S.K.: 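Shown below is the structure under consideration.
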Amino acid sequence: MLVTLNDVLKKAQAEHYGVGLFNTTDTDMAQAVIEAAEEMRSPVIIGTAEVLLYAGELKLIVPSIRALAERASVPVVLHYDHGLTFDRCIEALKLGFTSVMFDGSAGDSDKNIEATAEMVKIAHSFGASVEGEIGHVGQAETNDGLLTDMYTTPGEAVDFVAATGVDALAVAIGTAHGAYKTKPCLDIERLKAIRAATDTPLVLHGGSGLSDDDFRNTIAAGIAKVNIFTDLCVAGNEGMKKGLAADMAYLDIRNLKVEEMKKAVINKMTLFGSQNKA
């Protein structure tokens with residue numbers, strides 16, 4: 001069933017577990033995510049990001065992913081991740097996304113607030129939820145996730161929520177997007193302070209590659225939504241490698257790839273504590 005972030009994150013925050021956002025660029029990935037969620041009886045957030053559209057355009061993949069979400073027996077948020085432009089965010093809303101993230105975090109703070117607030121008005125008129133970001137989650141390949149002057153402060157978080165009305169807030173505490181080259185150093189005490197300052201559900205970006213303890217610690221400290229993409233790609237690659245090594249037929253390799261990605265999703269749902277929360 002299709003729901004919004006508000007339908008799954010408030011409960012997750014109150015009961016101290018995390019709900020995974022698994023970005024998908026095709027129906028193989030989407031099938032793996034939805035099947036895992038149904039098997040685990042877990043709420044789930046599924047979607048794609050603006051930077052991934054080169055691998056799966058919205059008009060091409062959304063009808064299939066939305067159909068999977070609508071007939072799922074667990075709550076599914078169809079989320080547009082890291083929307084960088086109004087045009088693309090509105091296109092996603094018109095195509096039936098129930099949630100969007102507008103990401104103006106890389107630019108001027110005042111402009112980020114102004115643009116995010118406008119997106120909140122637009123998305124709420126569609127009945128959709130909105131995630132915003134304050135601070136800046138870096139890129140693992142450049143190690144800019146280690147620049148502490150880009151981390152979110154509790155005061156910034158409070159002001160941003162009050163000025164924009166976002167339903168969820170992505171915070172920067174030391175994670176980065178992509179595959180880590182060095183071990184991330186997460187500022188858990190900063191996260192606890194942000195959580196104490198605001199009741200808005202908090203989001204952790206750059207989740208792929210973190211240790212199990214990192215996930216446990218961040219969820220215990222207040223994270224309600226965790227973003228995963230790279231780990232699914234790694235699992236899919238492993239499935240294809242195994243299939244090719246065994247000289248399997250194309251469709252059998254495809255099914256093996258789905259199973260490997262499904263295992264990865266189940267692993268994360270177990271780690272996040274969202275099983276049997278649907």
Side-chain angles (χ1 to χ4, degrees), residues 1-49 58 61-83 89 92-101 120 123-132 166-170 199-205 207 215 218-219 222-229 231-232 258 261-278:
M1 69 191 83
L2 274 173
V3 298
T4 70
L5 290 181
N6 290 322
D7 296 309
V8 298
L9 294 190
K10 291 181 179 179
K11 182 174 185 289
Q13 180 174 268
E15 298 183 16
H16 307 292
Y17 62 89
V19 180
L21 160 67
F22 299 93
N23 272 325
T24 57
T25 59
D26 57 36
T27 54
D28 292 355
M29 300 178 87
Q31 179 185 335
V33 173
I34 297 296
E35 287 185 359
E38 291 187 315
E39 185 172 316
M40 296 294 286
R41 305 309 304 160
S42 171
V44 70
I45 307 164
I46 191 171
T48 189
L58 286 176
I61 64 171
V62 172
S64 297
I65 296 177
R66 183 178 167 89
L68 282 169
E70 285 177 329
R71 67 171 183 254
S73 59
V74 295
V76 181
V77 182
L78 187 55
H79 182 74
Y80 186 57
D81 192 31
H82 284 289
C89 287
L93 290 167
K94 288 181 177 179
L95 286 170
F97 279 74
T98 58
S99 185
V100 297
M101 177 198 182
V120 168
H124 283 182
S125 74
F126 279 85
S129 53
V130 177
E131 174 187 335
V166 291
D167 304 291
L169 179 65
D199 287 332
T200 299
L202 302 179
V203 181
L204 185 72
H205 284 252
F215 285 120
T218 52
I219 290 170
I223 289 295
K225 172 178 175 280
V226 184
N227 283 27
I228 298 292
F229 176 66
D231 281 349
L232 262 67
V258 170
M261 290 190 291
K262 180 179 173 182
K263 289 177 186 177
V265 175
I266 288 174
N267 175 270
K268 287 295 186 289
M269 288 176 170
T270 302
L271 185 60
F272 299 165
S274 64
Q275 70 272 28
N276 297 318
K277 298 294 186 179

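Along the sequence shown, residues are numbered consecutively beginning with 1. It should be emphasised that the depicted structure is a prediction, and the values quoted were computed from it without experimental measurement.
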S.K.: Taking C-beta and beyond as the side chain, do S64 and T27 meet within less than 4.5 Å on heavy atoms?
M.R.: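 Side chain of S64 against side chain of T27, heavy atoms only: contact under 4.5 Å found.
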S.K.: Taking the side chain as every heavy atom from C-beta outward, state whether V77 and V44 have any atom pair closer than 4.5 Å.
M.R.: no
S.K.: For Y17, what residues pass the ring pair (Phe, Tyr, Trp, His ring centres under 6.0 Å) criterion, not counting sequence neighbours?
M.R.: none
S.K.: For the atom pair CG (L5) and CE (M101), what is the distance rounded to the nearest 0.5 Å?
M.R.: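 The CG atom of L5 sits 11.0 Å away from the CE atom of M101.
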S.K.: Rounded to the nearest 0.5 Å, how far apart are NE2 of H205 and CD1 of I228?
M.R.: 11.0 Å
S.K.: Which donor-acceptor pairs under 3.5 Å do the side chains of residues 271-278 make with protein atoms, sequence neighbours left out?
M.R.:
| unit_1 | atom_1 | unit_2 | atom_2 | d |
| --- | --- | --- | --- | --- |
| S274 | OG | S42 | OG | 2.7 |
| K277 | NZ | E15 | OE1 | 3.2 |

S.K.: Taking it one step at a time, do I46 and L78 satisfy side-chain contact (heavy atoms from CB on, under 4.5 Å)?
M.R.: CA-CA 5 Å; I46 191 171; L78 187 55; 4.2 Å; yes
S.K.: Could you pull out all residues at least two apart from E35 that satisfy side chain to side chain donor-acceptor pair (under 3.5 Å)?
M.R.: Q31
S.K.: With a 4.5 Å heavy-atom cut-off, do M261 and V265 have their side chains touching?
M.R.: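 They are not in contact (no side-chain heavy atoms under 4.5 Å apart), so the answer is no.
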S.K.: Tell me if a side-chain donor or acceptor on Q13 pairs with a main-chain N or O of A224 at a distance below 3.5 Å.
M.R.: no
S.K.: Does any non-hydrogen side-chain atom of N267 lie less than 4.5 Å from one of D231?
M.R.: no
S.K.: Indicate the atoms forming the closest heavy-atom contact of L202 with G222, along with that distance.
M.R.: CB-O, 3.8 Å
S.K.: So for atom NZ, which belongs to K11, do other residues, nucleotides or ligands contribute more than 12 heavy atoms lying within a distance under 6.0 Å?
M.R.: yes
S.K.: Does T218 have any side chain to side chain donor-acceptor pair (under 3.5 Å) partners at least two apart in sequence or in another chain, and if so, which?
M.R.: none
S.K.: For the atom pair CZ (F97) and CD1 (I65), what is the distance rounded to the nearest 0.5 Å?
M.R.: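 Between F97 CZ and I65 CD1, I get 6.5 Å after rounding to 0.5 Å.
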S.K.: Closest heavy-atom contact between A128 and S99?
M.R.: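 Scanning both residues completely, I find the closest heavy atoms to be CB-N, 4.0 Å.
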S.K.: Any non-hydrogen side-chain atom of V166 less than 4.5 Å from a side-chain atom of V120?
M.R.: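 Yes - at least one pair of side-chain heavy atoms lies under 4.5 Å apart.
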S.K.: Is any side-chain heavy atom of L95 closer than 4.5 Å to a side-chain heavy atom of Y80?
M.R.: no
S.K.: Is any side-chain heavy atom of R41 closer than 4.5 Å to a side-chain heavy atom of S73?
M.R.: yes
S.K.: So, for V19 and P43, which heavy atoms are closest and what is the spacing to 0.1 Å?
M.R.: CG1-O, 3.8 Å
S.K.: If the condition is ring pair (Phe, Tyr, Trp, His ring centres under 6.0 Å), which residues does F229 pass it with, not counting sequence neighbours?
M.R.: none
S.K.: Any idea which heavy atoms bring M29 and D26 closest together, and the distance?
M.R.: N-OD1, 2.9 Å
S.K.: Stepwise, does the side-chain contact (heavy atoms from CB on, under 4.5 Å) test hold for N23 with L21?
M.R.: CA-CA 6 Å; N23 272 325; L21 160 67; 4.0 Å; yes
S.K.: Can you measure from CG (D81) to CD1 (I45) and round to the nearest 0.5 angstrom?
M.R.: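 Interatomic distance, D81 CG to I45 CD1, rounded to 0.5 Å: 9.5 Å.
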S.K.: Would you please test V74 and M40 for side-chain contact (heavy atoms from CB on, under 4.5 Å) and show each step?
M.R.: CA-CA 9 Å; V74 295; M40 296 294 286; over 6 Å; no
S.K.: Taking C-beta and beyond as the side chain, do T98 and V3 meet within less than 4.5 Å on heavy atoms?
M.R.: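 Contact flag for T98/V3 side chains = no.
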S.K.: Determine the minimum heavy-atom distance between A32 and K262, stating which atoms define it.
M.R.: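 What the structure gives for the nearest pair is CB-N, 3.7 Å.
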S.K.: Quick one: ring pair (Phe, Tyr, Trp, His ring centres under 6.0 Å) partners of F22, sequence neighbours excluded?
M.R.: none
S.K.: If every non-hydrogen atom of A168 is compared with every non-hydrogen atom of V203, which pair is closest and at what distance?
M.R.: CB-CG2, 4.0 Å
S.K.: Determine whether H124 and D167 satisfy the following criterion, side-chain contact (heavy atoms from CB on, under 4.5 Å), listing intermediate values before the conclusion.
M.R.: CA-CA 10 Å; H124 283 182; D167 304 291; 2.9 Å; yes
